[in-house]
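In listed order, ligands and their atoms are each counted from 1.
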Amino acid sequence: MSFFARPQGTSAVKIVRPEPEEETLPKESPRKENQRQCRNILIYGSCKFQDKGCIYYHPPAQDDTIPTTDTTSPRMSNSTPVKLSAAVNAPVFVPKSAVAAAFSPPSTPPPPSAASTPSVQAYNDQDQEHDPYNPYSYPASHDDELNGHAGGIDPYEASPDMYSSGYDASNGMDPFYQTPQPTFVRQPLLYHLYTAPIPAPFDSHFLPSDLRESLTQRAETLRTYPASTLAGLPDELQGYHTLVPLENTSNERRKFGNWYSVVYRATSSVDGGTYALRRVENFRLMHQAAFTAIETWSRIQHPNIVSVREAFTTRAFNDNSLVVAYTYHANSLTLFDAHLSSTAGHKQPSPLPERTLWSYLIQLASAVKAVHDAGLAVRVIDCTKIIVTSKNRVRIGSCGLVDVLTYIPNLSPDPALIQHQQDDIICLGRVIMALATLNLAAPSNLPKALDTMNRLYSAELKNVVLWMIGVTKTGVQRTIAQVFELIGSRVALEMDEANNAVDKLEGELMSELENARLVRLLCKFGFINERPEFSREPRWSETGDRYIIKLFRDYVFHQVDEAGNPVVNLSHVLTCLNKLDVGTEERIMLVARDEQSCLVVSYKEVKSCIDAAFSDLARTSYTQ
Ligand SMILES: Nc1ncnc2c1ncn2[C@@H]1O[C@H](COP(=O)(O)OP(=O)(O)OP(=O)(O)O)[C@@H](O)[C@H]1O
C-alpha cells in the first residue's frame, strides 16, 4: 500500500485507497539454502508479497547495506556504503563507465568480473531468473517480450553501440576532438519542415515561420564553411581566416573606379566574428595617412551604413592588395540583385511599391546625413554597393574605400568635399529613379524615365527625385537637410512604420521569452528527476514530500489514453508548464503509476517543491 506524505505546510489533499483491515510489517523469515534474494527488495526496497507467498528471500532491514564502489557511484570520490531505504523506487543506476567496462557482445555472455558490482550483478541475475511484480514498470509490448525485455523499459540499459561507437574509453578522449572532421556535403534544408506543425492555438508561442526561416538561413550561412581553403585564397590574412568569395569572379567583372575588387566572407581570429572583406586588387598604397579616413569611418555607427572595422594592405594574394573589413550581413543582396537583376530569382523584376521606395529614400537620406554631419562624403551611392540586409532594410556598403583609393597627401580638409556631398545627393536621386523605372541607365534617358514614374508613382516622389538629380535648378547648392524638408511628411510615416516593426519584433521576442521560461523549467526537471542518489533518499520515496515532482512529471509527459497509448500533446505540456512557472492555485490530481493512490495538489505547491529541490541541488554544487 502506498502513502503520500503531505509536504510540510501544504494544503494538498491526500486521497488513498481504504486501508486493509490489518496491515502489519512484513516479518523476516530465515534464508533457505540456494534461495535467491527477492528483486523487489533490491529495486524498490520492499516486496508487496513478502509473507504473502513470494518465494524469494527477504533480508532483514539491517542487511540492506550494500557496498558501493567507485564504479557504481556517480560520486567517484565518496565510495561509502549506501543504505537502501525502505522505499527505493528508481532502477539501480549504472554509470556509463561501469556498463561499458562490464559489457560484452550478447553472443559471449559476460563472465563475472570485478568490474561488475554486487548490486549490478545481483540485478542482472534476477533479471534472467524471474519476472517479479513491478508496479512502476510500463506494460511491455509484445515485441519487447520477444526481445527478452519482459520487465519493461529500462532507461539505463546500455546498447552496445551507444558506448562502443561514440566514446573511446581506452584513452578517455572523444574521437571527435582527435581526428580532423570529415567533409560532409550538406543537403539544402527545408526550413518550413524544420519542426512539426504547431497546434493552431499555440502559434503565438513560436516565431512566425517566415521570420524563423530567414533567421535560421542566416545562422546556417554563418556556420557553413568550405571543406578546405579554396584554391588561390590565403589560409590566413591579417588575423582573418576561412575566406569565402561572395561573388563570382569568373564572369564579366565590373570595375570599382579603376580597380577590380572582390568581396570575401572571413572569420576573425581575434574575436571569432564573421566579417566582409573587400579587396582591391593590384593597389599599392603610397601613403599610410590614407588610412586616416578609415578611422573616421569606423566611428560612424548608423543603422543604414555597413560599419567599417579596419583597413590594411597585404601581399597574401600574391599582389599588392588593399583590404577593408566591414560588418558582415549574412544573406544580404545588393539593391541591383534584389530588384533590378532578371537572373536573380529567375523572374522579371516587378515594380516596387511606392511605400518601399519612400522607405529606401528615407533610410538612405538618413545615412547620407550622418556621413555629411561627420564631415565626410559617401561617394559610393550605387545600386551595386547598397545592400538589402533584411525586409526593406538597406545599408550603404563599401564606405571609406574611395577615400583611401583617391587620397591626395597634404590636402586636409579636402576642398572637393562640398562637391562630393553634392554628388551624393545626385547619386541618391539616381538610385531611386533606377529602382522606380527598374532600369539602372534610366537617368541617362530622362524623358522616358519620367514618363514611367508618372505612370507608376505619385508626383511627390517624382518631384523629390528630380530635385535631387538637379534638374529643377542648376548651379544651386543643395544640402541633405533640404532633402529632409522636402520629404518631412513621409519621414513621419516611415517612423510610424519603424515603430510598428519594433512592436512586432518585441512581440516575437516576448513569445521567445515565454519559451525561455519553459526551457528553464525543463532544465530544472532534467537536473532534478531520475538522479540516482535520490533513489535512496526518503524524501523522494513514496512517503517523501518530493515524490510530488515525480508524479507531476508523469502527469505532464507520461499520460496514456484509455487504450494505454502514450498521449503526446504539446498543448497539454505547454499549459502545464506555464501554470507551473506562474505557480497558480489551480489544483490537479496526481496519480501514482500503480493507480492505487492519488494526490490533489496545486501548481503552486508543485512549484515550491521543485524550487526547493533545485535550490538544494544548486547549493550542493556551489559549495563543492
Ligand atoms: N557587408 C556585407 N555583408 C554581406 N555581404 C556583402 C557585404 N558587402 C557586400 N556583400 C555581398 O557581396 C557580393 C558582392 O558585392 P559587390 O558590392 O561587389 O556587388 P556586385 O554586384 O558584385 O558589384 P560589382 O559587380 O560592382 O563588384 C554581393 O552579393 C553583396 O550582397
Side-chain angles (χ1 to χ4, degrees), residues 214-215 217-226 230 233 237 240 242-268 271 273-283 294 297-298 300-311 317 321-346 349 360 363-364 367 371 378-405 427 430-431 434-435 438-441:
S214 137
L215 293 179
Q217 277 172 346
R218 271 192 237 170
E220 192 189 14
T221 303
L222 280 170
R223 286 165 185 77
T224 314
Y225 297 105
L230 296 169
L233 294 183
L237 179 69
Y240 294 92
T242 322
L243 270 65
V244 183
L246 292 179
E247 55 188 315
N248 193 346
T249 48
S250 55
N251 294 347
E252 194 195 333
R253 299 175 67 191
R254 279 190 294 254
K255 278 192 164 180
F256 191 94
N258 293 326
W259 298 271
Y260 284 113
S261 81
V262 193
V263 183
Y264 301 96
R265 194 188 81 199
T267 307
S268 160
D271 61 7
T274 309
Y275 294 91
L277 305 183
R278 184 177 284 276
R279 166 192 164 213
V280 178
E281 298 172 12
N282 294 310
F283 174 80
I294 293 292
W297 273 105
S298 66
I300 297 180
Q301 298 294 324
H302 190 275
N304 301 109
I305 294 176
V306 180
S307 306
V308 180
R309 179 175 149 91
E310 61 172 334
F317 296 95
S321 292
L322 167 69
V323 176
V324 184
Y326 298 93
T327 301
Y328 176 70
H329 295 276
N331 292 356
S332 56
L333 287 175
T334 62
L335 268 184
F336 179 80
D337 287 339
H339 299 299
L340 304 180
S341 160
S342 54
T343 49
H346 309 287
Y360 284 176
Q363 292 178 58
L364 295 173
V371 175
V378 185
R379 302 177 74 182
V380 277
I381 302 182
D382 183 280
C383 284
T384 64
K385 298 293 166 281
I386 297 167
I387 54 175
V388 186
T389 56
S390 55
K391 198 162 184 248
N392 290 348
R393 182 66 178 279
V394 282
R395 297 174 203 250
I396 305 176
S398 308
C399 295
L401 195 58
V402 181
D403 300 65
V404 180
L405 294 174
C427 289
R430 286 167 174 258
V431 163
L435 290 172
L438 299 177
N439 180 2
L440 211 52

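- Ring geometry for Tyr264 versus Phe317: interplanar angle under 30°, hence parallel rather than tilted (30 to 60°).
- When only non-hydrogen protein atoms are considered, atom 7 (C) of ligand 1 lies nearest to Ile387 CD1, 3.9 Å.
- Donor-acceptor pairing under 3.5 Å is lacking for the side chains of Ser298 and Glu310.
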Just do the side chain to side chain contact (heavy atoms under 4.5 Å, CB included) check on Leu322 and Trp259 with the steps written out, would you?
CA-CA 11 Å; Leu322 167 69; Trp259 298 271; over 6 Å; no
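- Considering only non-hydrogen protein atoms, atom 31 (O) of ligand 1 sits nearest to Ser332 O, 3.1 Å.
- Checking side-chain atoms of Arg393 against main-chain N and O of Pro303 turns up a donor-acceptor pair under 3.5 Å.
- Distances from ligand 1 to the non-hydrogen atoms of Phe336 include no value under 4.0 Å.
- Counting heavy atoms closer than 4.0 Å to ligand 1, residue Thr384 contributes atoms from both its backbone and its side chain.
- Residues Arg278 and Tyr326 have side chains that never bring a donor and an acceptor to within less than 3.5 angstrom of each other.
- Taking a 6.0 Å sphere around CZ of Arg279, one finds it holds more than 12 heavy atoms contributed by other residues, nucleotides or ligands.
- Residue Thr327 touches ligand 1 through its backbone alone, judged by heavy-atom distances below 4.0 Å.
- Set against the non-hydrogen atoms of Tyr328, the atoms of ligand 1 under 4.0 Å away are 3 (N), 4 (C).
- Closest approach of Thr334 and Cys383 over heavy atoms only: CB-O, 3.7 Å.
- Atoms of ligand 1 lying under 4.0 Å from any heavy atom of Val306, numbered from 1 in the order shown and given with element: 1 (N).
- Looking only at protein heavy atoms, the nearest one to atom 22 (O) of ligand 1 is Glu247 OE1, 2.7 Å.
- Each of the following atoms of ligand 1 lies closer than 4.0 Å to a heavy atom of Ala276: 1 (N), 2 (C), 3 (N).
- At the top of the distance list for atom 4 (C) of ligand 1, counting protein heavy atoms only, stands His329 O, 3.1 Å.
- Nearest non-hydrogen protein atom to atom 29 (O) of ligand 1 is Leu246 O, 4.0 Å.
- Looking only at heavy atoms of the protein, atom 21 (O) of ligand 1 is closest to Arg254 NH2, 3.4 Å.
- The backbone N or O of Ser307 lies less than 3.5 Å from no partner atom in the side chain of Gln301, so there is not a single donor-acceptor pair.
- Residue Leu335 comes nearest to Val431 through the heavy atom pair CD1-CG1, 3.9 Å, listed as atom of the first residue, atom of the second, then distance.
- Of the protein's non-hydrogen atoms, the one nearest atom 9 (C) of ligand 1 is Val263 CG1, 4.0 Å.
- Scanning the protein heavy atoms around atom 26 (O) of ligand 1, the nearest turns out to be Lys385 NZ, 2.9 Å.
- Contacts between Arg278 and ligand 1, counted as non-hydrogen atom pairs separated by less than 4.0 Å, involve the side chain only.
- A donor-acceptor pair under 3.5 Å links the side-chain atoms of Gln363 to the main chain of Val394, judged by distance alone.
- Heavy atoms of Thr334 found under 4.0 angstrom from ligand 1 belong to the backbone as well as the side chain.
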